[in-house]
Asks: 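Dropping a structure here in structure tokens format, bear with me for questions.
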Amino acid sequence: MGRVAIMYCLNRMQVWNYVNSPYCPQYHKEKKEEREKHTRKSSLVCILYFGWSKRMSYNNPNTGSGSRTGRLEFGRTHVVRPKGTHQATIVWLHGLGDKGSSWSQLLETLPLPNIKWICPTAPSRPVALFGGFPCTAWFDMGDISEDAPDDMEGLDASAAHVANLLSTEPADIKLGVGGFSMGAATALYSATCRVLGQYGNGNPYTVNLSAIVSLSGWLPCSRTLRNRMERSREASRHAASLPILICHGTGDDVVAHKHGEKSAQTLSAAGFQNLMFRTYNGLGHYTIPEETDELCTWLTASLGLEGSRSY
């Protein structure tokens, strides 16, 4: 990749980092008109960039999965300690190109004093979507569609990292996984590993998850899920009882609303009966107070937490 292309990619990566962090325009102290203008501009750049990056990945035959380039090191993990009685621990996964600290700052402000939040940072790897340019990513991806190949090695590695973070929690603590965008995709993949009792590579998955949250995400490996579920009564039983919350905005220009909706439909058809899908009209690829309020209410009820209150 030439120098001009690299600089172009770096500039667009700054936009991607922004729309994949929790700091949406609604959280800024700008005037309403300025926020709306900034949101439109970011969305437009993302649309243009996605078209450019797809052409790059299709035209570069040497672009491969980042997870196959050798052992990848996960970045820094940020922990938000519970302010009240510790009842649950949730690993929260950031979006593509972001880092754990972005979400730990937001999660710390939520009125959920009984939850411990663990916010890891994905390893930096070449990503096909960006023409092989490296950035923090839970797995490699070239496009979001049912026909796109899934990076099973990367998905398994990230799901195993999440499971390892949860494995040392006390036995009486309820466990969960949530995330935004690519992090949400990894959380949903972890849900399938939990009910099937194994990773995609066949290794056992032993963590007992009690809640899954997906904000602006999608379901990887959706093509084969139903067939795999039908081969196991035990998987169907686990799926029926696992609470899942999926939230998506109709104005999302990065991960289209249809992907979140189709993911919810696929999971429901596969036997995930305790699933709630929420649509937010006009919401782009970021979060808003209305969505985080829904998240708090849902987690409190699904995990049986003590009444939430502000701190």
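Computed over heavy atoms, backbone and side chain alike; hydrogens, waters and symmetry mates excluded.
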Asks: Check for a donor-acceptor pair, side chain of Gln87 on one end and backbone N or O of Glu306 on the other, with a separation under 3.5 Å.
Replies: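 Yes, the answer is positive, given that a donor and an acceptor are paired below the 3.5 Å cut-off.
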Asks: Distance from Ile144 atom CD1 to Lys262 atom NZ, nearest 0.5 Å?
Replies: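 The NZ atom of Lys262 is 14.0 Å from CD1 of Ile144, to the nearest 0.5 Å.
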Asks: Under the side chain to side chain contact (heavy atoms under 4.5 Å, CB included) rule, what do Tyr189 and Met152 come out as? Steps first, then yes or no, please.
Replies: CA-CA 10 Å; Tyr189 180 73; Met152 297 303 301; 3.4 Å; yes
Asks: Between Gly217 and Val255, which heavy-atom pair has the shortest distance, and what is it?
Replies: O-CG1, 3.8 Å
Asks: In a check of side chain to side chain contact (heavy atoms under 4.5 Å, CB included) between Ser232 and each of Glu234, Met229, Glu230, which one passes?
Replies: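 Single pass found, and it is Glu234.
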Asks: In the structure I gave you, are the side-chain heavy atoms of Tyr286 and Ser216 within less than 4.5 Å of one another anywhere?
Replies: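 Counting from C-beta outward, Tyr286 and Ser216 never come under 4.5 Å.
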Asks: A side-chain contact here means heavy atoms from C-beta on lying under 4.5 Å apart; do Thr77 and Cys119 qualify?
Replies: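 No, every pair of side-chain atoms sits at 4.5 Å or beyond.
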Asks: Is there a donor-acceptor pair closer than 3.5 Å between any side-chain N or O of Ser167 and the backbone N or O of Asn164?
Replies: yes
Asks: Answer yes or no: is there a side-chain heavy-atom contact under 4.5 Å between Leu305 and Ile115?
Replies: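 Leu305 reaches Ile115 side chain to side chain.
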Asks: Please report the shortest heavy-atom distance between Leu196 and Ala235, naming the atom on each side.
Replies: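 Reported closest heavy-atom pair: CD2-CB, 4.0 Å.
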Asks: Quick check, are the ring centers of Tyr199 and His161 under 6.0 angstrom apart?
Replies: no
Asks: Under 3.5 Å, is there a donor-acceptor pair between the side chain of Asp151 and the main chain of Met141?
Replies: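 Not a single qualifying donor-acceptor pair exists.
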Asks: Quick one: closest heavy-atom pair of Leu242 and Ala191, and the distance?
Replies: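 In terms of heavy atoms, the two residues are closest at CD2-CB, 3.9 Å.
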Asks: Do Pro82 and Pro113 make a side-chain contact, defined as non-hydrogen atoms from C-beta onward lying under 4.5 Å apart?
Replies: no
Asks: Tell me whether Thr250 contacts the main-chain N or O of Gly282 through its side chain, where contact means a donor paired with an acceptor under 3.5 Å.
Replies: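 It does hold such a pair.
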Asks: Under the side chain to side chain contact (heavy atoms under 4.5 Å, CB included) rule, what do Glu294 and Tyr280 come out as? Steps first, then yes or no, please.
Replies: CA-CA 11 Å; Glu294 180 88 47; Tyr280 296 87; 3.3 Å; yes
Asks: Below 4.5 Å, heavy atoms only, C-beta onward: do His86 and Ile173 meet side chain to side chain?
Replies: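 In short, these two side chains touch, coming nearer than 4.5 Å.
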Asks: If you round to the nearest 0.5 Å, how far is CZ of Arg76 from NE2 of His78?
Replies: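 Answer rounded to 0.5 Å: 4.5 Å.
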Asks: Under a 4.5 Å cut-off applied to non-hydrogen side-chain atoms, are Leu112 and Trp117 in contact?
Replies: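 A side-chain contact exists here, since the closest heavy-atom pair is under 4.5 Å.
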Asks: Using only atom types and a distance under 3.5 Å, with no angle test, would you say the side chain of His238 pairs donor to acceptor with the backbone of Asn208?
Replies: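 Flag not set: sc His238 to bb Asn208 has no pair under 3.5 Å.
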Asks: Can you find a heavy atom in the side chain of Ser302 that is under 4.5 Å from one in the side chain of Ser210?
Replies: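 Not touching, per the 4.5 Å side-chain cut-off.
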Asks: Do Ser181 and His285 have a side chain donor and acceptor closer than 3.5 Å?
Replies: yes
Asks: Does the side chain of Leu96 reach to within under 4.5 Å of the side chain of Val127, using non-hydrogen atoms?
Replies: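 Answer yes - side chains close enough.
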Asks: Assess whether side chain to side chain contact (heavy atoms under 4.5 Å, CB included) is satisfied between Asp156 and Asn203, documenting all intermediate values.
Replies: CA-CA 9 Å; Asp156 280 345; Asn203 290 338; over 6 Å; no
Asks: May I ask you to check whether His257 and Asp252 show a side-chain donor-acceptor distance below 3.5 Å?
Replies: no
Asks: May I ask you to decide whether Glu169 forms a salt bridge with Lys116, counting only side-chain N to carboxylate O separations under 4.0 Å?
Replies: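 Salt bridge flag = yes for Lys116 with Glu169.
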Asks: Applying side chain to side chain contact (heavy atoms under 4.5 Å, CB included) to Ile90 and Leu303, what does each step give before you reach the verdict?
Replies: CA-CA 11 Å; Ile90 297 177; Leu303 296 175; 4.3 Å; yes
Asks: As a test of understanding, state which of Ser241, Pro243, Ser268 forms a side chain to side chain contact (heavy atoms under 4.5 Å, CB included) with Asn274.
Replies: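 Of Ser241, Pro243, Ser268, side chain to side chain contact (heavy atoms under 4.5 Å, CB included) with Asn274 is met by Pro243 alone.
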Asks: Count the heavy atoms belonging to other residues, nucleotides or ligands that lie under 6.0 Å from CZ of Arg226, then report whether that count exceeds 12.
Replies: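 Not buried by this count: 12 neighbours or fewer within 6.0 Å.
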Asks: Please check this pair: side chain of Lys99 against backbone of Thr121, looking for a donor-acceptor N/O pair closer than 3.5 Å.
Replies: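 Here the side-chain-to-backbone pair does not exist.
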Asks: State whether the side chain of His94 and the backbone N or O of Ala122 hold a donor-acceptor pair below 3.5 Å, judged by distance alone.
Replies: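 Yes, because the side chain of His94 sits within donor-acceptor range (under 3.5 Å) of the backbone of Ala122.
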Asks: What is the distance from atom OG1 of Thr292 to atom CG of Leu299, rounded to the nearest 0.5 Å?
Replies: 11.0 Å
Asks: With rounding to the nearest 0.5 angstrom, report the CH2 to CG distance, Trp92 to Leu295.
Replies: 5.5 Å
Asks: Ignoring hydrogens and geometry, is there a side-chain-to-backbone donor-acceptor pair from Thr109 to Leu106 under 3.5 Å?
Replies: yes
Asks: Write down the atom of Ala264, the atom of Leu275, and the distance for their closest heavy-atom approach.
Replies: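 For Ala264 and Leu275, the tightest heavy-atom pair comes out as CB-CD2, 3.9 Å.
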Asks: What distance do Glu290 atom CD and Arg278 atom CZ have between them, rounded to the nearest 0.5 Å?
Replies: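 Output value for this atom pair is 10.0 Å.
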Asks: Quick check: does any side chain N or O of Thr136 sit under 3.5 Å from a backbone N or O of Asp98, one acting as donor and the other as acceptor?
Replies: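 Side chain of Thr136 to backbone of Asp98, a donor-acceptor pair under 3.5 Å: yes, one is there.
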Asks: Is the shortest side-chain N to carboxylate O distance from Lys258 to Glu261 below 4.0 Å?
Replies: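 Looking at Glu261 together with Lys258, the answer is no, because their closest N to O distance does not fall below 4.0 Å.
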Asks: Identify the two heavy atoms, one from Leu93 and one from Ala187, that lie closest to each other, and give their separation to 0.1 Å.
Replies: CD1-N, 4.2 Å
Asks: What is the distance from atom CG of Leu155 to atom SG of Cys221, rounded to the nearest 0.5 Å?
Replies: 5.5 Å
Asks: Between Leu219 and Thr266, what is the shortest heavy-atom contact and its length?
Replies: CD2-CG2, 3.9 Å
Asks: Please check this pair: side chain of Asp140 against backbone of Ala128, looking for a donor-acceptor N/O pair closer than 3.5 Å.
Replies: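 Yes, because the side chain of Asp140 sits within donor-acceptor range (under 3.5 Å) of the backbone of Ala128.
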